[in-house]
Amino acid sequence: MTTASSKTRKAAVSKAGGQKLIVNDFSMTVATKNGSGSQTSNVTLLRAMFRMGIPVAGKNLFPSNIQGLPTWYTIRASKDGYTARRETHEIVVAMNGDTFVDDFRNVVPGGAFYYADDLKFALDRDDIAIYPIPAKKLAKESGAPAALRDYVANMAYVGALAEMMDINMDKIRAALDFHFSGREKPIALNLGVIEAAAQHARETLTKADPYVVRPMNKTEGYVMADGNTAAALGAIYGGVQFLSWYPITPASSLAEGVSAYIGDLRDDPQNPDERSYAIVQAEDELAAAGMAVGAGWGGLRAMTSTSGPGISLMTEFAGLAYYAEVPVVIWDVQRMGPSTGLPTRTSQGDVSMVHSLGHGDTETIILLPGSASECFEFGWKAFDIAERLQTPVFVLSDLDLGMNQWMTKPFEYPDSEMDRGKVLWEKDLDQWEHKQPWGRYLDVDKDGITYRTLPGNKHPRSAYFARGTGHDEYGRYTERGDDWERNMARLSRKFKTAVRYMPKPEVKKMKDAKAGILAFGSTDPAIIEGRDRLMEGKKTIKTNYLRLRAIPFTKEVGKFIEDNDRVYVVEMNRDGQLHQLLTVAYPDLATKLISVAKNDGLPLSARFVDESIRGEEK
């Protein structure tokens, strides 16, 4: 047994030499404390490798309580382009004494273990490479103010990893420049620690593990982005005019993203005091929903963002908007429930709740983005759908997609004009009156979607009551049973019409495949890699794959189930909520549907997909 000390910096490495190099294929986990400033170091590594052309993805596993609790950041590098979470830990960086023992045990045999050398623990493995890093010493020698030393100390592992794994130092410099927006003082301070750590590693450590990086060209045409920022930008380009919100993990950064970028993208430099938007931080989620619904009724493109607990509070206003037929966009960045649950863990557990949100007979439009670029797309498209159908549109993302860094296609500018739906102005009403009296809830086109007017219309017949109580075709209050049933039947007809406006699913097929996989959202990377894994080994399993992008279901969903002998519905919740909705929607095909659900709060892995389906295919 050896112990970590300054005397063993050179000796505390395993006898793991002679292995064939493993290039651009590993999972690296950095264990630190929440609030220690390690995020800057982690994204520096991530962006440097991305700039080297290596496909990467970064995932932050952080506590929900207070500063100082354990946090882990994982970087997946894959020469094959896979970005799903990997369950193994080939490289571990231990900077937190509270988790040191477990972090040490979690390194796979043949892997690498880097650690801050002031942490004094037993190092009793000879099947891994062990590398000490004098992080505190290097931070002190950097000349950083005492208040900043704990933060810049994290840059020591960036330097050690750069030296030992051949991460390009110019790319690290560029990543720092991006992070600090070109401010030379913090760049120089952090880079100084990185370079000192690299020199220390070069002079005192001997490479004894096989993991290295090499430049590639597989990131050309991609950008790094998180889903919440992408959604915020999409909403801005979609013409958002009103945003009300209340802080909640993991949705806060979506609203903050709108606030951060809308001024630069929307304000007129010639008229700085004139704004075409309003952003309000409400006192709670109930108020935020009420404000957004009111703004939507007023003709503004209105939205709010929240997570599961906030959706619970918004239920009453969602029901009002459904029945009064007010367009509004609500982003639900899902986290683990029920109750407060695990607020910093990811989940897809709000599907059932949102699908029929509100009391009585309600139906909900749900969009299901599967990438950061799709978060941008649905950021603007949700407004078009909400206004076309005059109803709330919910966009269900999740913590993994919303808060973590993804390699994604560049965002595409909206490819169509804004769709404001069936809106009547003065001249429209003049022409209308020659045919029949206008009624706010009168279904002239027999598609369930009626015509609306907006405040500001000066026509004497443009006013109406937007009732959440019983009303007839002209917005008049009524408690007659036949009026109620007629109106509810029309709303049901509208949601059948809604199918034509839903984004169609993405379908990928294999020749002669008899099994299908149906999934949505952030499970997509795990499904992509899992399908490839299913084609390996002695028993290969061919699969077709449908990635759902919206509810209500389009005709492609039913056809996909019909065309496969069995369909595995993969999702991140306990009860298989999408599986349940599909069973209700397609009762004649229900026996083909097999639920594959996982609910541990972690992003889905390809190994889970592979092993779960193999277990069923025996």
Side-chain angles (χ1 to χ4, degrees), residues 348 350-357 361-371 374 377-378 381-382 385 388-389 391 393-396 446-449 489-524 526-528 530-531 534 541-573 575-597 609 612-613 616-617:
Q348 294 176 327
D350 293 347
V351 178
S352 293
M353 173 177 68
V354 172
H355 179 257
S356 56
L357 192 68
D361 297 310
T362 58
E363 298 169 274
T364 302
I365 304 297
I366 301 175
L367 302 183
L368 301 165
S371 65
E374 211 161 65
E377 177 190 348
F378 290 173
K381 189 169 287 184
I385 296 172
R388 168 54 54 182
L389 299 173
T391 195
V393 170
F394 289 81
V395 189
L396 266 60
K446 306 304 179 186
D447 60 0
I449 306 172
R490 179 184 60 78
L491 286 173
S492 181
R493 187 162 61 250
K494 179 167 76 170
F495 276 77
K496 290 181 175 62
T497 300
V499 172
R500 74 177 70 155
Y501 299 103
M502 294 299 101
K504 293 184 178 181
E506 183 181 85
V507 179
K508 298 178 180 178
K509 295 183 177 181
M510 287 185 183
K511 186 178 180 181
D512 299 325
K514 299 183 182 300
I517 300 174
L518 198 158
F520 68 95
S522 67
T523 61
D524 184 53
I527 306 295
I528 293 171
R531 292 179 73 215
L534 287 166
I541 301 172
K542 294 183 177 181
T543 58
N544 300 313
Y545 173 35
L546 182 145
R547 181 172 66 82
L548 189 67
R549 302 207 303 153
I551 301 172
F553 306 124
T554 62
K555 63 182 181 180
E556 290 83 4
V557 178
K559 187 176 187 306
F560 182 83
I561 300 172
E562 286 179 351
D563 290 347
N564 288 277
D565 291 348
R566 55 207 166 275
V567 175
Y568 297 98
V569 185
V570 181
E571 52 191 310
M572 295 189 299
N573 52 63
D575 297 332
Q577 296 177 18
L578 177 60
H579 175 265
Q580 293 174 3
L581 296 182
L582 291 165
T583 299
V584 172
Y586 305 102
D588 295 341
L589 302 173
T591 56
K592 290 188 173 187
L593 301 171
I594 302 168
S595 179
V596 178
V609 175
S612 297
I613 292 177
E616 294 284 346
E617 291 282 317

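Note that these values count all heavy atoms, side chains included, but never hydrogens, waters or copies made by symmetry. Quantities reported herein were computed from a predicted structural model and do not represent experimental measurements.
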Give me the one residue out of Ile594, Val596, Val567 that meets side-chain contact (heavy atoms from CB on, under 4.5 Å) with Leu518.
Val567
Please enumerate all residues that pass ring-ring contact (aromatic ring centres under 6.0 Å, His included) together with Phe560, with sequence neighbours excluded.
none
Here the gap from Ile551 atom CD1 to His355 atom NE2, rounded to the nearest 0.5 Å, amounts to 6.0 Å
Any side chain to side chain donor-acceptor pair (under 3.5 Å) pairs touching residues 543-561, not counting sequence neighbours?
Glu374-Arg547, Glu374-Arg549, Asp524-Tyr545, Arg531-Thr543, Asn544-Asn564, Thr554-Glu556, Lys559-Asp563
Is there a donor-acceptor contact under 3.5 Å from the side chain of Thr523 to the main chain of Glu571?
no
Between Leu389 and Phe495, does a side-chain contact (heavy atoms from CB on, under 4.5 Å) hold up when you go through it step by step?
CA-CA 8 Å; Leu389 299 173; Phe495 276 77; over 6 Å; no
For the atom pair NE2 (His579) and CG (Leu593), what is the distance rounded to the nearest 0.5 Å?
5.0 Å
Between atom CG of Leu578 and atom CD1 of Ile366, what is the distance when rounded to the nearest 0.5 Å?
9.5 Å
With a 4.0 Å cut-off on N to O distance, would you call Lys494 and Glu363 a salt bridge?
no
In this structure, are over 12 heavy atoms from other groups packed under 6.0 Å from Asp361 atom CG?
no
Ser356 side chain near Thr362 side chain, heavy-atom distance below 4.5 Å
yes
Any chance you could measure Gln577, atom CD, to Gln348, atom CD, to the nearest 0.5 Å?
9.5 Å
Side chain Thr497, main chain Gly448, donor-acceptor under 3.5 Å:
no
Contacts satisfying side chain to side chain donor-acceptor pair (under 3.5 Å) that involve residues 510-520 (not counting sequence neighbours) are none
If you count every heavy atom of other residues, nucleotides or ligands that lies below 6.0 Å from Lys509 atom NZ, does the total exceed 12?
no
So do Tyr501 and Ile365 actually touch side chain to side chain, heavy atoms under 4.5 Å?
no
To the nearest 0.5 Å, what is the distance between CG on Leu367 and CE on Met502?
6.0 Å
Closest non-hydrogen contact found for Val570 with Ala519 is O-CB, 3.4 Å
Knowing that exactly one of Val557, Asp588, Leu589 qualifies, which makes a side-chain contact (heavy atoms from CB on, under 4.5 Å) with Glu562?
Leu589
Just verifying a value: how many Å separate Leu534 CG and Ile527 CD1, rounded to the nearest 0.5 Å?
9.5 Å
side-chain contact (heavy atoms from CB on, under 4.5 Å) assessment of Phe378 paired with Val393
CA-CA 10 Å; Phe378 290 173; Val393 170; over 6 Å; no
Is any side-chain heavy atom of Tyr568 closer than 4.5 Å to a side-chain heavy atom of Val609?
no
Heavy-atom check, side chain of Ile528 versus side chain of Lys508, under 4.5 Å
yes
Would you sort out whether Phe394 and Asp350 count as a side-chain contact (heavy atoms from CB on, under 4.5 Å), showing the intermediate values?
CA-CA 11 Å; Phe394 289 81; Asp350 293 347; over 6 Å; no
